[in-house]
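Written out below as structure tokens is the structure these notes cover.
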Amino acid sequence: MAEIKKLDYSFYGRKDVVKIARELLGKVVVTEFNGQRTSGRIVETEAYNGAVDRASHAFGGRRTRRTEIMFGDAGTAYVYLCYGIHHLFNVVTNEKDIPHAILIRGVEPLEGIPVMLQRTGKKRPDNTLTRGPGNVSKALGLLTVHTGSSLSGEQVFIADDGYRPRKAEIGVSPRIGVDYAGPDAELPYRFFVKGNEYVSGPRAKAD
DNA sequence: CGACCGATCGTCT
DNA sequence: GACGATCGGTCGA
């Protein structure tokens, strides 16, 4: 078994959120609530570049009750409610007062699949279990109450188990669902593992 | 396969 | 009072 190493501030605290988003591909997100452990390998991410990014909730340095956590220390979770239904899970990066974040949009299930089925109300595991940011959070049991949780902690953490997608396997594209961001909607801030069935978006050409 | 639609509620104006 | 960093279902070509 490869050694499992929790990512810490030396990973999350760096300044290039786009680079970190790419590096998160292949890492493992683990949650353990009430003894129920679930985990999945990250296959899709999106970088949100803080104050200068029209797609970010923190665009223009906007500090509100909701966005405040992004202005805090790196290596914490930013989970917010979208459309009143979906809890979206983000990783806060960069130093304090710089509101960078990375949305986890798809993971490949590893541990605790029965628990994920229970949480999502699905009968059998298929690619919709953890495909798309809303489904990822639901399967992993992440809710808005977990906003501010350390990502190097016991309940929630992200680890490096030695696996790394090859460079040729990594796809890049504009982000999904951010048409409101004008020119920033075109930025190549979305990263995914090509051909992986847990990557969201149009099936057509992930090649 | 693409277009559209309803669900549902915390956050901000 | 309006509006989403979404999802899953339905409808029609």
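These numbers come from a predicted model, not from an experiment. To find a chain, count down the sequence lines: A is the first, B the second, and so on, and within it residues start at 1.
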### Query
Using a cut-off of less than 4.0 Å, is there contact between a side-chain N or O of A:Lys122 and OP1 or OP2 of C:dC7?
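Answer is no, no contact under 4.0 Å.
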### Message
OP1 or OP2 of B:dT13 versus the side-chain N and O atoms of A:Arg62: is any pair under 4.0 Å?
### Response
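True: A:Arg62 side-chain N/O within range (under 4.0 Å) of B:dT13 OP1/OP2.
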#### Entry: C1' atoms of C:dG8 and B:dG10, separation to the nearest Å
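To the nearest whole Å, 23 Å.
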### Query
Are a donor atom and an acceptor atom from the side chains of A:Tyr48 and A:His57 found within less than 3.5 Å of each other?
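Checked: A:Tyr48/A:His57 side chains show no N/O donor-acceptor pair below 3.5 Å.
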### Task
Would you mind pulling out the nucleotide paired to B:dT8, Watson-Crick or G-U wobble, both distances under 3.5 Å?
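Here B:dT8 is not engaged in any pair, so there is no nucleotide opposite it.
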Touch class at under 4.0 angstrom, heavy-atom based, for [X] against every strand present:
X        : value
A:Lys138 : nothing
A:Arg54  : nothing
A:Ile85  : base
A:Arg105 : sugar-phosphate

### Query
Does A:Arg63 make a cation-pi contact with A:Phe71 (under 6.0 Å, within 45 degrees of the axis)?
yes
### Query
Are A:Arg62 and A:Phe59 in a cation-pi contact, defined as NZ or CZ under 6.0 Å from the six-membered ring centre and within 45° of the axis?
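Output no; distance or angle outside limits.
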### Summary
By nearest-heavy-atom nucleotide on DNA chain C, the more 5' of A:Thr128 and A:Val178 is A:Val178
### Task
Provide, to the nearest angstrom, the distance between the CZ atom belonging to A:Phe192 and the C1' atom belonging to C:dA5.
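Taking atom C1' of C:dA5 as the reference, CZ of A:Phe192 is at 17 Å.
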#### Entry: Atom pair distance, as rounded to whole Å: CD in A:Glu44 and P in C:dT6
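Going from A:Glu44 (CD) to C:dT6 (P), I get 11 Å.
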Of the nucleotides [options], which has the atom closest to the [X] side chain?
X        : options              : result
A:Asn135 : C:dG8, B:dT13, C:dA5 : C:dG8
A:Tyr180 : C:dG4, C:dA5, C:dG8  : C:dA5
A:Pro133 : C:dA5, C:dC7, C:dG4  : C:dC7

### Aromatic contact, A:Phe33 with A:His146 (centres under 6.0 Å)
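Ring centres of A:His146 and A:Phe33 closer than 6.0 Å.
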### Query
For the rings on A:Tyr80 and A:Tyr78, is their centre-to-centre separation under 6.0 Å?
yes
### Query
Ignoring hydrogens and angles, are the base of C:dA5 and the side chain of A:His86 linked by a donor-acceptor pair under 3.5 Å?
no
### Message
Under the criterion of centre distance below 5.5 Å and interplanar angle below 30°, is A:Tyr48 classified as stacked on the base of C:dA5?
### Response
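Answer is yes, a stack.
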